[in-house]
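What follows is a short report on a single structure.
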Number of protein chains: 2
Amino acid sequence: MDAQLRRGVLDVCVLAAIKNENSYGYKIIKDLKPVIELSESTLYTILKRLEDSKMLVVKSVEFEGRLRKYYHITPAGLQRLEEFKNEWKEMMSIYAFIVEADLK
Amino acid sequence: MDAQLRRGVLDVCVLAAIKNENSYGYKIIKDLKPVIELSESTLYTILKRLEDSKMLVVKSVEFEGRLRKYYHITPAGLQRLEEFKNEWKEMMSIYAFIVEADLK
DNA sequence: TTATATACCTCGTGATATGATGTATTCCGT
DNA sequence: ACGGAATACATCATATCACGAGGTATATAA
């Protein structure tokens, strides 16, 4: 998959992955694997960015001796998901242009 | 529109814009305006990149005293458009995941 | 004569994804 | 008991990219 195309959805995929339940880095990667694969370095960069922009909050929890950082989506994060759906409509019309040009 | 999402389609839009007829910078911008807006600096950067990667070829033509650089798509460029259509299928399944997560 | 449209180009900046690398613990097979 | 895989976090350097700001030049319309 084209790198540029990926970038457009990575953030939103991570938000979607934590929408229904608090999750943590390692689990997010495993959950997303069937949908989109991403490395740890990529994920943690994204999580940091989403935290900085207040789309999610973090809570460190001790779990079986290991530290886990649970990520929880915020209202701003939910709003970002809504925005994405609108942006997708725009994307669809752009796609239509590309395909139309392709048929002529 | 989200900057990252744009990046995924900019190159392909430019290719689509020159697919059916040779075009030149200024015209490409005007043709794409209803679909996606892009500045000259953005376009020329893209055209340069597409030329470097052999997706299009350039031919300078004198037109009414002014120089025009006509861009023509190559087989590699056409192949890129085909690839994009396949990538879009992937994108649709990613989108489905995001929306599905949003419904739960 | 002034402004707008046409037509090209370059440079610096900020944002980004990713591989490589590092630390530490637990669990499982042999 | 030992070694490796899995779990879980993190940072850094690098390469790629879009874009605003700025620059050059001609033709046409106000």
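Keep in mind that this is a model prediction, so the values were computed, not measured. Letters A, B, ... are given to chains in the order of the sequence lines, protein chains preceding strands, and every chain is numbered from 1. Basis for what follows: all heavy atoms, side chains included, without hydrogens, waters or symmetry-related copies.
- For the pair B:Lys69 NZ and C:dC8 C1', the computed distance is 8 Å after rounding to whole Å.
- For DNA chain D, the residues of residues 4-12 of chain A within the heavy-atom distance limit of 4.0 Å (strictly under) are A:Gln4, sorted by number.
- A salt bridge links B:Glu21 with B:Lys27; the closest basic N to acidic carboxylate O contact falls under 4.0 Å.
- Under a cut-off of 6.0 angstrom, the local environment of CD in B:Gln79 is sparse, with at most 12 non-hydrogen atoms contributed by other residues, nucleotides or ligands.
- Ion pairing between A:Glu51 and A:Lys48 fails under the 4.0 Å rule for side-chain N and carboxylate O.
- Rounded to an integer number of Å, the gap from CZ of B:Arg68 to P of C:dC8 is 8 Å.
- Residues A:Lys69 and A:Tyr24 come closest through the heavy atom pair O-CB, 3.2 Å.
- Within residues 37-51 of chain B, the residues approaching DNA chain D are B:Ser39, B:Ser41, B:Thr42, B:Thr45, B:Ile46, B:Arg49, by heavy-atom distance under 4.0 Å.
- Within 4.0 Å of A:Lys30, counting heavy atoms only, lie sugar-phosphate atoms of the nucleic acid but no base atom.
- To the nearest 0.5 Å, atom CG of residue A:Leu56 and atom OG of residue A:Ser23 are 11.0 Å apart.
- Ring planes of B:Tyr95 and A:Trp88: parallel class, angle under 30° (limits at 30 and 60°).
- Ion pair A:Arg6/A:Asp2 not flagged as a salt bridge, since none of the NZ, NE, NH1 or NH2 atoms sits closer than 4.0 Å to an Asp/Glu carboxylate oxygen.
- In this structure, the separation between CD1 on B:Ile18 and SG on B:Cys13 is 12.0 Å, given to the nearest 0.5 Å.
- Linking ILVMFWY residues whenever their side-chain heavy atoms come closer than 4.5 Å, directly or via other members, places A:Leu10 and B:Met92 in the same cluster.
- Look at B:Glu87 and B:Arg80 and you find a salt bridge, because one of the NZ, NE, NH1 or NH2 atoms lies within 4.0 Å of a carboxylate O, short of that distance.
- When the P atom of C:dA24 is taken as reference, atom CD of A:Glu62 falls 16 Å away, rounded to whole Å.
- Side-chain N/O atoms of A:Thr45 and A:Thr42 include no donor and acceptor closer than 3.5 Å.
- Chain B approaches DNA chain D over the interval D:dC17 to D:dA27, counting the first and last nucleotide 5' to 3' with an atom under 4.0 Å from its heavy atoms.
- Between B:Asp31 atom CG and C:dT6 atom C1' there is a gap of 14 Å when expressed in whole angstrom units.
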